[in-house]
Amino acid sequence: MNTAQTPAVRQAASAQQATLDALVAIAAARAADGLADMVQRMTAALLDMTSAGNDPQAAARRIRSGKLLKDNAYAFVHLASTGIELALHKEVAQLAPAAKGASPAPLTLSLVPMEEMDSQLAFAAISRPFDIQQSERLAGLGVRLGMLLGRELVRANHNPFRPDVFLRALQEAWREFEPDESAHALVMPLLRPGIVFDLGPILEALNDRLKPARVREERFAKTDDRAAARAARARRDAAVSRQLRQLFGTAEQLASAELDIPLIPDLPHGSGGWRPSAAAGFAGAVPIPGVHLGAQPGTVAAAGTAAPIPAPLIEVLEKLAGPPASRPRAGLDAGQHELFYLPRLKQSLPRGSLSRGDETTLDLLSRIFETVLLDDSIPKETRELIAFLQVPVLKAALKDRSFFFEEAHPARRMLDLLSSAGWERPAGADDPVYRAMQRGVDKVRHGAQTEAFAAAVADLEASLAARAQLEEAAIAGPIAQATRQEKQAAAVRSAKRAVSLRLAGEQVVALVGTFLEQRWTPVLALAYIIEDSRPGAVDNATRTMDDLIWSVKPKATQEQRKALIQRLPGLIAALNKWLDAIKWQDAERLQFFAALAECHAAIVRAPIELSPERQLELAVEAAQQDALRRVAQEQAGAAEEAAPRDPASAALDSLERGMRVEFSGALGARKVRLAWVSPLRTLFIFSGANRQEAFSLPAERLAEAFRAGSIRVLAAEGVVGRVLGEAVGQGAMNDPARGPMAAARAG
């Protein structure tokens with residue numbers, strides 16, 4: 001029989017072992033943290049002569065051991081912490097399933113020595129108070145360990161983190177620490193609650209480690225996919241940048257090798273070629289005044305004649321520079337149509353007169369400007385300003401090819417800002433943002449390019465920031481109200497979820513169950529609301545709720561009843577404090593506390609007719625049943641939250657402030673900007689172009705709009721990056737069948 005394990009099985013076993021090792025590390029670290037205080041309590045107990053009895057030798061032995069422990073506390077802490085970790089690893093190794101196919105060890109029958117039986121009985125008695133005290137946490141841990149290992153549960157006597165394991169490790173550490181064998185028995189009476197470190201936080205930490213990742217108390221948190229979307233965009237941009245770098249590198253290599261292999265398919269002339277016929281100024285190829293290049297546009301050198309020598313395009317542009325243009329105006333007359341320049345520039349040059357890199361740069365920028373100038377969503381005034389930037393941007397890109405690789409390049413940044421910020425039609429000639437656009441274009445046309453672009457970008461960004469502040473001030477009231485409402489709704493939702501988890505996983509008496517649903521849910525909601533200003537409020541209210549549930553459960557042992565009597569004053573005080581906070585002051589409150597007192601009295605006075613062993617067995621069994629229900633509820637909640645999100649939810653999560661979206665309906669399409677997103681992404685405020693009134697929509701309505709297809713996100717990134725991504729992604733640079741016009745219009 002083939003007993004080889006598959007990679008999937010080995011991977012699962014490795015993950016299980018890694019989790020078990022992590023649990024051991026958590027338990028050992030938490031126990032080590034409590035050993036120093038435990039040693040102080042042990043020392044005080046050993047030196048306390050009131051419990052030493054009348055035997056002088058026993059008293060002297062206690063004094064010697066107490067002083068030894070006091071003077072060498074560090075040594076004992078080291079022995080105990082090391083022993084606990086080794087003991088836990090040993091127990092975990094026995095818990096883990098044997099390797100598949102391994103032959104079982106032969107069964108052997110042997111008598112258990114009397115000393116071992118006595119030790120087992122002694123430790124069973126010593127461990128019993130801890131087992132009862134931590135029955136719920138141990139039961140929950142057993143269920144979660146069982147799920148980890150593919151079983152129903154891990155029984156109490158096989159739980160590697162049961163109190164017995166810690167107590168035995170402490171005893172062994174004492175026996176190794178104390179050289180006097182007659183003093184070895186002194187440690188057994190000291191292994192009791194109140195002296196040994198508290199096992200509760202250790203077991204709680206282990207349970208938390210095994211809970212599903214999404215099963216946590218909701219603290220005003222909502223998961224979304226924005227981080228993943230941003231990471232995906234960053235990866236895509238990096239891929240585009242790499243391809244462009246390779247493209248320009250190859251272009252320069254081809255130019256130096258004088259290979260006649262075009263990188264971007266030659267753009268044909270005439271009516272069938274690439275020409276933005278819908279835009280004025282692209283209507284035809286006209287000669288550029290004052291330029292004589294020795295060949296007609298679009299012609300090929302005749303056979304036997306020398307091909308034109310490629311000249312740097314930047315030199316050609318310098319020759320074409322004419323007298324300074326007039327200041328940009330709000331509109332362009334028919335005589336200014338020659339500003340639409342780039343496509344005709346290439347047609348006016350002899351074929352082969354440009355280097356491959358210059359030709360690639362010119363073709364890409366032609367596509368970018370065409371995309372912007374044909375975009376009807378950008379107001380005419382803004383497009384006319386952008387038209388003046390064609391030659392300045394081309395010069396900037398020719399001098400510094402990082403224009404295509406870096407979003408922060410000043411020329412690229414300015415083009416992106418103008419195309420996005422100019423989406424909103426200017427309110428008038430004195431619109432501050434529009435005036436900043438005019439100033440920026442004027443600076444670029446008349447100043448040193450690098451410095452001019454940087455100064456123009458800074459001026460425009462400042463104007464946009466000022467406009468954003470005015471818009472925020474205009475919607476500050478709705479934002480504040482929406483934030484308060486969202487926080488309250490989230491608090492109520494979190495409170496209801498916390499209460500429902502308890503009631504679904506516990507057998508709670510009707511008195512307390514009704515109280516939690518009707519009265520404690522508002523308390524928890526208040527705690528969530530004030531958590532930011534008063535950290536710990538949620539933990540306090542949740543702990544009080546858990547203590548109340550525990551207090552009305554049957555107490556089958558004297559230890560449990562003593563613990564109840566000790567904890568009742570603090571529980572009642574905490575309940576009253578929170579109920580005062582929500583102003584529940586009517587007679588029903590008095591009736592509840594009277595009924596609660598009767599319930600507690602009945603629990604304390606109930607007769608105990610069972611043996612200690614049977615009491616422990618019943619307590620463990622009840623705790624296991626509660627744990628099974630509670631963990632099943634957790635798993636169901638985690639599975640629901642981990643379910644794949646539908647495309648509408650993913651689209652909703654991708655929305656970010658500043659994006660433009662288009663709503664379509666019976667009255668046509670309406671383009672708006674996302675002005676604000678609430679912290680929990682449950683409310684979205686949109687503002688329309690042309691200073692239209694802002695409106696808000698809840699997340700549910702937006703998700704329905706995405707499902708119905710009545711909303712779409714317009715270009716979420718800069719126009720330069722979008723066009724470059726289309727050029728690279730659609731293969732327009734390498735596929736002659738795909739023209740730049742088709743790629744531009746596809747977006």
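Bear in mind the structure is a predicted one, so any value in this text is a computation, not a measurement.
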Can you list everything that forms a side chain to side chain donor-acceptor pair (under 3.5 Å) with [X]? Sequence neighbours excluded, please.
X	answer
Glu461	Arg413
Ser402	Asp400
Ser678	Glu486

Practice problem: Go through Phe706 and Val713 one step at a time and tell me if the side chain to side chain contact (heavy atoms under 4.5 Å, CB included) criterion holds. | Solution: CA-CA 10 Å; Phe706 275 114; Val713 179; 4.2 Å; yes

Quiz item: Is any side-chain heavy atom of Leu365 closer than 4.5 Å to a side-chain heavy atom of Val393?
Solution: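 Answer yes - side chains close enough.
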
Exercise. Flag the pair Arg439 / Ser463 as yes when at least one side-chain heavy-atom distance between them is below 4.5 Å, and no otherwise.
Key: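 Side chain of Arg439 against side chain of Ser463, heavy atoms only: contact under 4.5 Å found.
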
Quiz prompt | N/O donor-acceptor pair under 3.5 Å between Gln390 side chain and Ala387 backbone | solution =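 Checked: pair present.
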
Self-check item: Donor-acceptor under 3.5 Å (Arg657 side chain, Ala675 main chain)
Solution: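 Yes, the answer is positive, given that a donor and an acceptor are paired below the 3.5 Å cut-off.
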
Self-check item: Taking every non-hydrogen atom, the tightest pair across Thr483 and Trp676
Solution: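 Heavy-atom minimum between the residues: OG1-CZ2, 3.6 Å.
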
Exercise. Go through the steps to decide whether Arg681 and Leu652 satisfy the test side chain to side chain contact (heavy atoms under 4.5 Å, CB included), and finish with yes or no.
Key: CA-CA 9 Å; Arg681 302 184 64 79; Leu652 186 65; 5.6 Å; no

Exercise. Run the numbers on Asp442 and Phe388 for side chain to side chain contact (heavy atoms under 4.5 Å, CB included), then give the verdict.
Key: CA-CA 9 Å; Asp442 209 23; Phe388 283 99; over 6 Å; no

Quiz item: Going through the distances and angles, do Lys443 and Asp459 end up as a side chain to side chain contact (heavy atoms under 4.5 Å, CB included)?
Solution: CA-CA 11 Å; Lys443 290 177 183 176; Asp459 186 17; 3.9 Å; yes

Quiz item: Just how far is it from atom CD of Gln438 to atom CG of Asp431, taken to the nearest 0.5 Å?
Solution: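 Between atom CD of Gln438 and atom CG of Asp431 there are 9.5 Å.
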
Quiz item: Which class fits the ring pair Phe663 and Phe686: parallel under 30°, tilted 30 to 60°, perpendicular over 60°?
Solution: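 Judged by the thresholds at 30° and 60°, the geometry between Phe663 and Phe686 is perpendicular.
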
